[in-house]
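Right, one structure below, let's go through it.
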There are 2 protein chains.
Amino acid sequence: MPRLPAASVTVDLVVLTIRDRALHVLLVERGIDPFAGAWALPGGFVLADEDLDAAAHRELAEETGVAQGIHLEQLRTYGAPGRDPRGHVVTVAWLALAPDLDEPAAGSDAAGARWWPMDAVVAGDVALAFDHAAIVADGLERARAKLEYSSLAAAFCPPEFTVAQLRAVYEAVWGVAIDPRNFHRKVTGTPGFVEPTGGTIAEGAGRPARLFRRGPTETLHPPLTRAQS
Amino acid sequence: MPRLPAASVTVDLVVLTIRDRALHVLLVERGIDPFAGAWALPGGFVLADEDLDAAAHRELAEETGVAQGIHLEQLRTYGAPGRDPRGHVVTVAWLALAPDLDEPAAGSDAAGARWWPMDAVVAGDVALAFDHAAIVADGLERARAKLEYSSLAAAFCPPEFTVAQLRAVYEAVWGVAIDPRNFHRKVTGTPGFVEPTGGTIAEGAGRPARLFRRGPTETLHPPLTRAQS
DNA sequence: GGGGTTATCGTCGTAGTGACGACAAACCAC
DNA sequence: GTGGTTTGTCGTCACTACGACGATAACCCC
């Protein structure tokens, strides 16, 4: 058997959630070099004979403490030489969409972990290690695009949610205001997008909202267009 | 510096083209074990300190003999343990869309290379090595989806093409018949999708068709829906 | 109860699409 | 040439979906 060229393979996670009506991304503070003190995406090396999605799920559970109810999909793979000073490291990036979780527990190899507002990260207010700024940007764009033609927005919501909560997801991810009446018509009028549970919930002032859960529909035809208003 | 876990990294290419109004995929016949005699996607190992897209472009040029005018985008990364009997091999798959090329030249490490009709490959009439059947399926689905909301269909066409040629791309990739009049209206009515060159071309019977080239528009708003007829 | 707030339902005008008719401009057979 | 065939291009019509926005329902606080 010939000897094969080798590189190190890691997984990195772009974990997104909505907090206080704004999009946030989970970052960990690096405790060791390279980039000690900088913020990085949660991730780590793929173990021997470990599948890539298994590694992603493992890292996600380690960082968030939550193993289920989180959407996880492969984003893209990055392997530019020099992206990691330790050598040729290829990283498979994943996109995770989570409902609002509690503060993350610090991982064993990280000095700390916290949710950062996406606005601050995109604006460059956070020093990011490696090429993680580009990975975050790709993850954001993927999330924005996927909301258009899929029912993925519900992945940011708890199992039961209101139309207003779902609308808040779109507004936070897209950064635009959406007309509540037209959004309500689209969401409830698309067969299988959401299903009423029969219950209602009152959140502060205003008429109580009906509760819904995710329906079987995965794709939206026609899509929700991003240039709504 | 700690010793890092290592795996082998390869690139594999799903190269699609339209031949005789049908979608085809480029496959090479393996000359060596594992899977000697089976058909596989063109690809190979990523060299030391080589970027992933550089490796993909290099393999594409080696297999097709054409270096430019071919759309290339990353598809997905596959790393299930056991997908390669030689050990833990992670492959970064790429999707390439090419205009109708001549018969490919056999690569140095392949016994032969040829275009296979996608229908035959999907139907399982071709013995595919590794997990390449799944990769081809993912590439096909990506191409089908991208035609909806992007101007990527022109990547299957020569620099100057007719509306009918572009329509043939959609019909071949989607496997459906499209109304020529509505398609013509959509294509010519979307600003920046195609630009008339001023020339015309007569292909056999019928009125000569105007020639177009690709316009600056990359995305289609609203998209072309796949359920046209 | 009155005012404020949010949820939900309707209405209207318009853009985009599917179905399909009509004409234009080439080819072929005779 | 003449007529029939084939393919490209333009137009019409009905229907759907959406943006803008009015109206009503059902709660809160005071």
(request) Determine, using ring centers only, whether B:Phe161 and B:Phe212 are less than 6.0 Å apart. (result) no
(message) Could you tell me how far apart B:Tyr170 (OH) and C:dG18 (C1') are, to the nearest whole angstrom?
(response) 17 Å
(request) Provide, to the nearest angstrom, the distance between the CD atom belonging to B:Glu203 and the C1' atom belonging to D:dT9. (result) 15 Å
(message) Can you identify which nucleotide, out of C:dA7, C:dT5, D:dG8, has its nearest atom closest to the A:Ala209 side chain?
(response) C:dA7
(request) Select one nucleotide: of D:dG19, D:dT6, D:dG8, the one nearest the side-chain heavy atoms of B:Ala164. (result) D:dG8
(request) Would you classify A:Ala202 as touching base, sugar-phosphate or nothing, given that sugar-phosphate means primed atoms plus P, OP1 and OP2, and contacts are heavy atoms under 4.0 Å? (result) nothing
(message) Between A:Thr162 and C:dT8, is there a contact of a side-chain N or O with OP1 or OP2 at under 4.0 Å?
(response) no
(request) Inspect the contact between B:Glu73 and B:Lys146 and indicate whether a charged nitrogen and a carboxylate oxygen are less than 4.0 angstrom apart. (result) yes
(request) Measure from NZ on B:Lys186 to P on C:dG18 and round the result to the nearest Å. (result) 9 Å
(message) A side-chain contact here means heavy atoms from C-beta on lying under 4.5 Å apart; do B:Trp94 and B:Asp53 qualify?
(response) yes
(request) Select one nucleotide: of C:dA7, C:dG16, D:dC10, the one nearest the side-chain heavy atoms of A:Arg207. (result) C:dA7
(message) Rounded to whole Å, how long is the line connecting atom CG of A:Asn182 with atom P of C:dT6?
(response) 18 Å
(message) Testing the basics here: between B:Val126 and B:Val121, what is the closest heavy-atom pair and its distance to 0.1 Å?
(response) CG2-CG2, 4.1 Å
(request) Report yes or no: is there a donor-acceptor pair, N or O only, under 3.5 Å between the side chain of B:Arg185 and the base of C:dG18? (result) yes
(message) Please report the distance, rounded to the nearest Å, between CD1 in B:Ile178 and P in C:dG18.
(response) 9 Å
(message) Heavy atoms only, 4.0 Å cut-off, all strands: where does A:Gly204 land among base, sugar-phosphate and nothing?
(response) sugar-phosphate
(message) Between C1' on C:dA15 and NE2 on B:His221, what's the gap in Å once rounded to a whole number?
(response) 15 Å
(message) How many whole angstroms separate atom CG of B:Asp179 from atom P of D:dT9?
(response) 14 Å
(message) Under 3.5 Å, is there any donor-acceptor pair linking the side chain of B:Arg181 to the base of D:dG11?
(response) no
(request) Name the closest nucleotide to the B:Pro208 side chain, picking from D:dT9, C:dA26, C:dT8. (result) C:dA26
(request) Inspect the contact between A:Glu29 and A:Arg114 and indicate whether a charged nitrogen and a carboxylate oxygen are less than 4.0 angstrom apart. (result) no
(request) Taking only the side-chain nitrogens and oxygens of A:His184, find out if one of them lies under 4.0 Å from OP1 or OP2 of C:dT8. (result) yes
(request) May I have the distance from A:Arg167 (atom CZ) to D:dG19 (atom P), rounded to whole angstrom? (result) 14 Å
